[in-house]
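Below, chain A is the first sequence line, B the second, and so on; all start at residue 1.
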2 protein chains.
Amino acid sequence: MKKEETTEHQILDAAKDVFQSKGMDGARMQEIADKAGINKAMLHYYYRSKQLLFEAVFKNAFSLLAPQLNAILNDDSSIEDKIRKFTSDYTSFMMKHPYLPNFIINELNRNEDFILKLKDNTGFPNLEKFKTKVDSEIREGILKPIDADQLFVNILALNIFPFLGKPLVKALTKKDEKSYKAFVESRKIEVANFIINSIKTSIK
Amino acid sequence: MKKEETTEHQILDAAKDVFQSKGMDGARMQEIADKAGINKAMLHYYYRSKQLLFEAVFKNAFSLLAPQLNAILNDDSSIEDKIRKFTSDYTSFMMKHPYLPNFIINELNRNEDFILKLKDNTGFPNLEKFKTKVDSEIREGILKPIDADQLFVNILALNIFPFLGKPLVKALTKKDEKSYKAFVESRKIEVANFIINSIKTSIK
DNA sequence: AATGGGTTTAACCAAGTGGTTGGCAAAGAT
DNA sequence: ATCTTTGCCAACCACTTGGTTAAACCCATT
């Protein structure tokens, strides 16, 4: 039997669906059981409590996101290349997992202490290398002076916000589902240009 | 008796607290009643149902946010001035209402149709004037070519994200509450510069 | 003092809620 | 063949949920 067919995995799969679309408070154990096609008692048999099942789903989701961040932080390419690659890759990734950013941001806000449990994990993104690279490119005259933290938050903001605020942005810009998708797709390049334009010194 | 002391207003006030920090699903009618210091039956007496009380709170919150957006969209100043003013004003405003962005974004995601109820309201932000201004400044050579929708979303993203993703950003940049506040405060100017740098043509 | 409408309350209710239990059947283990 | 473990389920449980109700309480008008 494949791993994907075990009851335990079917539960996690169904729980992911329900928790990510309805959040911890809105999710119902019965709905998860129904979606997994098993008895509700099994949820507790394998995961003991709603809280623990939720944490399993959350850690799973975060472990999907973290490598996306590490990609930009830990490789050796130039800041410009990092930004271009990240902006394109991240957007593609999010188009495949549209619930993910909202789920994570939201549940972290609901329980701020929760992130402490993640910090211990190996693989939690670390900015040091990125900062060093930014500072050295500034010294070399490739980039205009900018605080690396600020730049990093700007990169995140421009990439994540269109997914977080999708309903709002859709309404404000009067786009339907199809044109919103095209809008986000074009941001893969637009956002990178926008950032680079701002931080790169003009070539003499 | 002042308006602020009526039972109806006390309920709305308490409901705002609870709904904004716990969301629709996490909020409890009993907690709202307790916080307002009145009997739970009064909530239904004045607002009939949890759903309607929630909608009252939500519309109230949105009507606080909408003018902030309209400020940048509807005045006659240059795009640069709009951006500088908005970035500073919006950040100040959000520091006073930290739960607001998350509440709105979140509940709009929970129920996409909900925004339709707001769209009808007069005062729902309209981008037309902003777009016209952007296009005319591009034609005048003040700005580099950029799609006005993209620019608008970038402005929103850079301003709102630090509030939406506060727990995540705090953890990633390893800032405590105090230094995070300073970080956000400095963005009032940093973000405006970041945007202007990117879109303004270099002066010959 | 009696009336009557708006306001407030304690007590209540039906429908869920997460979680538990005891037993059952198939699969190993002895 | 018998015992033990594992996976599974229907039924159940204590408790919470949003919402209701009928009676009380004010307080201005008569």
Side-chain angles (χ1 to χ4, degrees), chain A residues 1-61 99 103 106-107 110-111 113-114 117, chain B residues 1-61 99 103 106-107 110-111 113-114 117:
Chain A
M1 189 192 256
K2 292 174 199 165
K3 190 187 166 190
E4 289 77 35
E5 288 168 357
T6 64
T7 304
E8 186 169 354
H9 191 273
Q10 278 178 310
I11 292 174
L12 200 66
D13 233 43
K16 194 185 298 176
D17 267 21
V18 177
F19 277 128
Q20 291 192 7
S21 64
K22 309 209 167 167
M24 171 67 169
D25 292 330
R28 296 290 161 248
M29 295 297 267
Q30 188 61 60
E31 189 182 348
I32 295 172
D34 291 347
K35 192 158 280 185
I38 47 101
N39 188 279
K40 182 162 69 79
M42 298 313 291
L43 305 185
H44 295 94
Y45 180 77
Y46 283 106
Y47 292 93
R48 268 190 48 212
S49 69
K50 186 184 185 184
Q51 178 65 27
L52 287 176
L53 176 54
F54 173 79
E55 290 182 18
V57 169
F58 190 91
K59 283 177 187 166
N60 216 287
Y99 281 122
F103 174 65
N106 204 2
E107 299 299 334
R110 214 178 50 87
N111 182 3
D113 299 332
F114 201 68
K117 292 187 187 173
Chain B
M1 187 191 258
K2 291 172 199 164
K3 189 187 167 193
E4 288 79 34
E5 287 169 358
T6 63
T7 303
E8 185 169 354
H9 191 275
Q10 280 179 307
I11 292 173
L12 200 65
D13 235 42
K16 195 184 300 175
D17 268 19
V18 177
F19 277 129
Q20 290 192 9
S21 63
K22 309 209 167 169
M24 171 67 167
D25 292 329
R28 296 291 161 248
M29 296 296 267
Q30 188 60 61
E31 189 183 349
I32 295 172
D34 291 346
K35 191 158 280 185
I38 47 102
N39 188 282
K40 181 163 67 82
M42 300 307 290
L43 305 185
H44 295 94
Y45 180 76
Y46 283 105
Y47 293 92
R48 270 187 49 211
S49 69
K50 186 184 185 183
Q51 178 64 29
L52 287 175
L53 177 55
F54 173 79
E55 289 183 17
V57 169
F58 190 90
K59 282 177 188 164
N60 216 286
Y99 282 121
F103 174 66
N106 203 3
E107 299 300 332
R110 215 178 49 87
N111 181 3
D113 300 332
F114 200 68
K117 292 188 186 172

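In this model, a donor atom of one side chain and an acceptor atom of the other lie less than 3.5 Å apart for A:D34 and A:Q30.
Picking from C:dT9, C:dT7, D:dC8 the nucleotide with the shortest atom distance to the side chain of A:Y45 gives D:dC8.
Distance NZ (B:K50) to C1' (C:dA15): 15 Å, rounded to an integer number of Å. One interatomic measurement links the two molecules: CD of A:Q30 to P of D:dA10, which rounds to 10 Å at whole-angstrom precision. The distance between atom CG of B:D25 and atom C1' of D:dG18, rounded to the nearest whole Å, is 13 Å. A:D34 places its CG atom 14 Å from the C1' atom of D:dC9, with the value rounded to the nearest Å. Taking atom NE2 on B:H44 and atom P on D:dT17, their separation rounds to 13 Å, with Å as the unit. If you measure from atom CG of B:N39 to atom P of D:dC25, you get 14 Å, rounded to the nearest angstrom.
Taking 4.0 angstrom as the limit, B:T7 places a side-chain polar atom (N or O) nearer than this to OP1 or OP2 of C:dT8. OP1 or OP2 of C:dT8 sits under 4.0 Å from a side-chain N or O of B:Y46. Remark: A:R28 is in phosphate contact with C:dT17, judged by side-chain N or O atoms under 4.0 Å from OP1 or OP2.
Among the heavy atoms of the strands lying under 4.0 Å from A:M42 is at least one base atom, whether or not backbone atoms are also near. B:A33 comes within 4.0 angstrom of no nucleic acid atom, judged by non-hydrogen atoms across all strands.
Side-chain to base pairing of B:K40 with D:dG19: one donor and one acceptor N or O lie within less than 3.5 Å of each other.
For A:F58 and A:F103, the distance between ring centers is under 6.0 angstrom.
With contacts defined as side-chain heavy-atom distances shorter than 4.5 Å, the pair A:Y45/A:N39 does not qualify.
Of the inter-residue distances, the one linking B:N106 atom CG with A:E107 atom CD reads 8.0 Å to the nearest 0.5 angstrom.
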